[in-house]
Amino acid sequence: MKLELLNQARCFGGEQRYYKHASTALACDMRFSVYLPPQAQKADCPVVWYLSGLTCTEDNATVKAGFQRTAAELGLIIVCPDTSPRGDHVPDDEAYDFGKGAGFYLDATEQPWVKNFQMETYITKELSELIGAELPVDMSKQGITGHSMGGHGALTLALKNPERYKSVSAFSPICSPIECPWGRKALAGYLGQNQAAWRRHDACALLADNGPIDAEILVDQGLADDFLETQLKPELLEAAAETSGQKITVRRQAGYDHSYFFIASFIEDHLRFHGERLKS
C-alpha cells in the first residue's frame, strides 16, 4: 500500500483510521483520517469528503464533529484531509488565515506558494485516486461537505466537478471569497492580482459564469456567528443561486456560532442528506 497506517480505533462497529502518505502534488508528507463503517468490511461504500476550515487539520472534525455514529448507520465512509501542505520546508505566513492551515482548496500560481500549495489538485486528483485504489470506496458515489474555508472548498470543488460529487453541503461557508477579507487576502496571495483568475475559486462567481449543477446544495449557517456579516455572507450565495437556477436550501440557525458545537448539532442532518442522494 502507498498509505502508512498511523492509528486505528474501533468505533460504532467500524474503524476510525489515520493515514500518512507522500504527496507528489504538495511535495510533502500528508495526513488524513478516514472512518470506515461496518458495511465496508463486506462491500465498497459511498464516501463523503469533509473539508475543514482555517487553522484546522485532519483531526478537528474527526474528534469534534461526531459524525461516526450516523456514518456507521448509513454505511458512509468519511474522509477528512488536512487543510494545507505541511513540513519545515513548506512556506508559511505569520497570520492564521494564510499559509499553513489555510490552503483554501486551490492551486497556487504565485511564488513562494506554487510548489506546495496545490490543494485543489491534491483533493480532486491525487488523494481521490489514492483512496479509490487503496480503500473500499465506491468512487461512483461521492459527496462533499465542509466548514468555513472548507465550506468554500466543498462548494467550489463541487461546482467545478459536477460529474463527480453527487451531493453537496456546507457549514458556515465563505460564500464569496472575492467579497470578503479572508478571501481577498488568500486569492491575491496565492493567485496574484488578476481577479479574473479569482472567479474560478468563488462559488457565487462560478454559478454566474457556469450555471447550476444537478446536485442540490444544503447550507447551515449560525446566526450567532461572529463572521456572518464580514466573511461568510450567505445572502450572496442565495442571490447567485436564484439568478442561476441552482437548487439550494440555506438554513439559518438561531443562537449557533462558528464552532464545532454548531457542526456537531447538525452533522446528522447533513449525513442523512448525503446518504439519501448517494444511495438513490
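Start at 1 with the first residue, then count along the sequence.
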Check for a donor-acceptor pair, side chain of Gln118 on one end and backbone N or O of Leu106 on the other, with a separation under 3.5 Å.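 Flag not set: sc Gln118 to bb Leu106 has no pair under 3.5 Å.
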A quick test of your reading: do over 12 heavy atoms of other residues, nucleotides or ligands sit less than 6.0 Å from CD of Glu110?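 Yes, the 6.0 Å shell around CD holds more than 12 heavy atoms from other groups.
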Just so I know, are the side chains of Phe32 and Ile131 near enough to count as touching, which here means a heavy-atom distance under 4.5 Å?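 Contact flag for Phe32/Ile131 side chains = yes.
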Is there a path of hydrophobic side-chain contacts, each under 4.5 Å between heavy atoms, that joins Leu236 and Val219?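 Leu236 does not cluster with Val219.
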Taking atom CG of Asp226 as the centre, does the number of heavy atoms from other residues, nucleotides or ligands within less than 6.0 Å exceed 12?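 Incorrect, the count does not exceed 12.
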How close do Arg86 and Thr57 get, heavy atom to heavy atom, and via which atoms?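 Minimum heavy-atom separation between Arg86 and Thr57: NH2-CG2, 3.7 Å.
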Any Phe261 side-chain heavy atom under 4.5 Å of Tyr256 side chain: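 They are not in contact (no side-chain heavy atoms under 4.5 Å apart), so the answer is no.
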Given side chains that start at C-beta, do those of Leu3 and Lys20 come closer than 4.5 Å, heavy atoms only?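 They are not in contact (no side-chain heavy atoms under 4.5 Å apart), so the answer is no.
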Drop me the distance from Leu187's CG to Asn194's CG, to the nearest 0.5 angstrom.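 The CG atom of Leu187 sits 11.5 Å away from the CG atom of Asn194.
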Suppose we call two aromatic rings close when their centres sit under 6.0 Å apart. Are Tyr190 and Phe117 close by that rule?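 Yes, they do, as the ring centres are separated by less than 6.0 Å.
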Report, one line per pair, each donor and acceptor closer than 3.5 Å where one atom sits in a side chain of residues 146-153; sequence neighbours left out.
unit_1	atom_1	unit_2	atom_2	d
His147	NE2	His258	O	3.1
Ser148	OG	His258	NE2	2.9
His152	NE2	Phe104	O	3.0

What pairs meet the salt bridge (Lys or Arg N to Asp or Glu O under 4.0 Å) rule with one or both residues in residues 52-74, with sequence neighbours excluded?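 Listed by first then second residue: Arg31-Glu58, Glu73-Arg272.
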Assess the residue pair Asp107 and Thr121 against the criterion (side chain to side chain donor-acceptor pair (under 3.5 Å)); give the C-alpha distance rounded to whole Å, side-chain angles, the decisive distance to 0.1 Å, and a yes or no. CA-CA 7 Å; Asp107 287 350; Thr121 293; 2.6 Å; yes
Hey, mind stepping through Gln8 and Gln16 against side chain to side chain donor-acceptor pair (under 3.5 Å) and telling me if it holds? CA-CA 5 Å; Gln8 61 183 333; Gln16 181 63 62; over 6 Å; no
Looking only at atom types and distance, does a side-chain atom of Asp92 sit under 3.5 Å from a main-chain N or O of Lys100, one as donor and one as acceptor?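 Answer holds: yes.
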Evaluate the side-chain contact (heavy atoms from CB on, under 4.5 Å) criterion for residues Glu4 and Tyr19: first the C-alpha distance (whole Å), next the side-chain angles of each, then the deciding distance (0.1 Å), finally the verdict. CA-CA 5 Å; Glu4 178 185 349; Tyr19 286 103; 6.0 Å; no
Just checking Glu229: does its CD atom have more than 12 heavy atoms from other residues, nucleotides or ligands closer to it than 6.0 angstrom?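 Counting neighbours around CD of Glu229, 12 or fewer heavy atoms of other residues, nucleotides or ligands fall under 6.0 Å, so no.
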Just wondering, do Ile123 and Leu157 contact through their side chains at under 4.5 Å, heavy atoms?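 Yes - at least one pair of side-chain heavy atoms lies under 4.5 Å apart.
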Below 3.5 Å, can you tabulate the donor-acceptor pairs from side chains in residues 172-183 to any protein atom, sequence neighbours excluded?
unit_1	atom_1	unit_2	atom_2	d
Ser176	OG	Asp202	OD1	3.4
Ser176	OG	Asp202	OD2	2.8
Trp182	NE1	Tyr96	OH	3.0

Only one of Asn116, Leu26, Leu130 clears side chain to side chain contact (heavy atoms under 4.5 Å, CB included) with Tyr122; which?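 Among the candidates, only Leu26 passes.
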Ignoring hydrogens, what is the shortest heavy-atom contact between Ile77 and Pro136? Give both atom names and the distance.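 It is CD1-O, 3.2 Å.
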Which residues share a side-chain contact (heavy atoms from CB on, under 4.5 Å) with Ala188, sequence neighbours left out: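 Once residues adjacent in sequence are excluded, the partners of Ala188 under the side-chain contact (heavy atoms from CB on, under 4.5 Å) criterion are Gln193, Trp198.
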Are Ile263 and Tyr50 side-chain neighbours, meaning at least one heavy-atom pair lies under 4.5 Å?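 Yes, close enough: below the 4.5 Å cut-off.
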Ring pair (Phe, Tyr, Trp, His ring centres under 6.0 Å) for His270 and Phe171? Distances and angles first, verdict last. CA-CA 9 Å; His270 283 242; Phe171 298 89; 3.9 Å; yes
Donor-acceptor contacts, no H, no angles, side chain residues 34-46, under 3.5 Å, sequence neighbours left out:
unit_1	atom_1	unit_2	atom_2	d
Tyr35	OH	Cys11	O	2.7
Gln39	NE2	Ala72	O	3.1
Gln41	NE2	Gly13	O	3.3

Apart from Tyr18 itself, what residues make up its hydrophobic cluster, given side-chain heavy atom links below 4.5 Å?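 Its cluster partners, ordered by chain and number, are Leu6, Val63.
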Mind checking whether Asp269 and Arg251 have side chains closer than 4.5 Å, heavy atoms only?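 Of all side-chain heavy-atom pairs linking Arg251 with Asp269, at least one is under 4.5 Å.
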Of the non-hydrogen atoms in Thr70 and Glu268, which two are nearest, and what is the gap between them?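 Scanning both residues, the minimum pair turns out to be OG1-CG, 3.5 Å.
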Given Val48 and Val79, is the side-chain contact (heavy atoms from CB on, under 4.5 Å) satisfied, shown in steps? CA-CA 6 Å; Val48 176; Val79 175; over 6 Å; no
Hydrophobic cluster membership, with links at side-chain heavy-atom distances under 4.5 Å among I/L/V/M/F/W/Y: are Leu218 and Ile78 in one?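 Each belongs to a different hydrophobic cluster.
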Under the side-chain contact (heavy atoms from CB on, under 4.5 Å) rule, what do Lys141 and Lys279 come out as? Steps first, then yes or no, please. CA-CA 8 Å; Lys141 297 179 179 179; Lys279 293 188 176 184; 5.5 Å; no
Under the salt bridge (Lys or Arg N to Asp or Glu O under 4.0 Å) rule, collect the residues that match up with Glu15, sequence neighbours excluded.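 Applying salt bridge (Lys or Arg N to Asp or Glu O under 4.0 Å) to Glu15 gives Arg17.
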Indicate the atoms forming the closest heavy-atom contact of Ser169 with Thr145, along with that distance.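 Shortest heavy-atom separation between Ser169 and Thr145 comes out as OG-OG1, 2.7 Å.
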Which atoms form the tightest heavy-atom contact between Lys185 and Ala95, and what is the distance?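 Result for this residue pair: NZ-CB, 3.2 Å.
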Looking at every heavy atom in both Thr83 and Cys56, which two are closest together, and how far apart are they?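 What the structure gives for the nearest pair is OG1-O, 2.6 Å.
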With a 6.0 Å cut-off (strictly less than), is the heavy-atom count around CG of Asp214, excluding the residue itself, greater than 12?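 Open.
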Considering residues at least two apart in sequence or located in another chain, which fulfil the side-chain contact (heavy atoms from CB on, under 4.5 Å) criterion with Lys115?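 If we apply the side-chain contact (heavy atoms from CB on, under 4.5 Å) test to Lys115, skipping adjacent residues, the hits are Ala27.
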Could you point out which residue of Ile248, Leu237, Leu155, Ile217 forms a side chain to side chain contact (heavy atoms under 4.5 Å, CB included) with Leu207?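 Going through Ile248, Leu237, Leu155, Ile217 one by one, the side chain to side chain contact (heavy atoms under 4.5 Å, CB included) with Leu207 is satisfied by Leu237 alone.
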Of all residues at least two apart in sequence or in a different chain, which pass the side-chain contact (heavy atoms from CB on, under 4.5 Å) check with Ala239?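 By the side-chain contact (heavy atoms from CB on, under 4.5 Å) rule, Ala239 matches no residue at all.
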Looking only at atom types and distance, does a side-chain atom of Gln246 sit under 3.5 Å from a main-chain N or O of Gly211, one as donor and one as acceptor?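 No, because the side chain of Gln246 does not come within donor-acceptor range (under 3.5 Å) of the backbone of Gly211.
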If you count the non-hydrogen atoms of other residues, nucleotides and ligands that lie under 6.0 Å from NZ in Lys247, is the total more than 12?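 Count not over threshold, so no.
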Using modelled atom types only, decide if a donor and an acceptor are shared between the side chain of Asp97 and the backbone of Ala102 within a distance under 3.5 Å.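 Side chain of Asp97 to backbone of Ala102, a donor-acceptor pair under 3.5 Å: no, none is there.
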Is the shortest heavy-atom distance from the side chain of Arg199 to the side chain of Leu206 under 4.5 Å?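 Side-chain contact under 4.5 Å: no.
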Holding to salt bridge (Lys or Arg N to Asp or Glu O under 4.0 Å), I want the full list of residues that pass it with Lys160, two or more places apart in sequence or in another chain.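 Partners of Lys160 under the salt bridge (Lys or Arg N to Asp or Glu O under 4.0 Å) test: Glu120.
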side-chain contact (heavy atoms from CB on, under 4.5 Å) evaluation trace for Phe98 with Ser84: CA-CA 10 Å; Phe98 194 67; Ser84 78; over 6 Å; no
According to side-chain contact (heavy atoms from CB on, under 4.5 Å), who are the partners of Glu235, at least two apart in sequence or on a separate chain?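 Here the qualifying residues are Lys233, Glu238, Arg252.
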Cluster question for you: counting only ILVMFWY and a side-chain heavy-atom cut-off of under 4.5 Å, with indirect links fine, are Val250 and Phe227 together?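 The answer is yes; both residues are in one hydrophobic cluster.
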Test of understanding: with side chain to side chain donor-acceptor pair (under 3.5 Å), list the residues that count as partners of Trp113, not counting sequence neighbours.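 Once residues adjacent in sequence are excluded, Trp113 has no partner under the side chain to side chain donor-acceptor pair (under 3.5 Å) criterion.
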Check whether any side-chain heavy atom of Glu216 lies under 4.5 Å from a side-chain heavy atom of Arg277, and answer yes or no.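 The answer is yes; the side chains approach within 4.5 Å.
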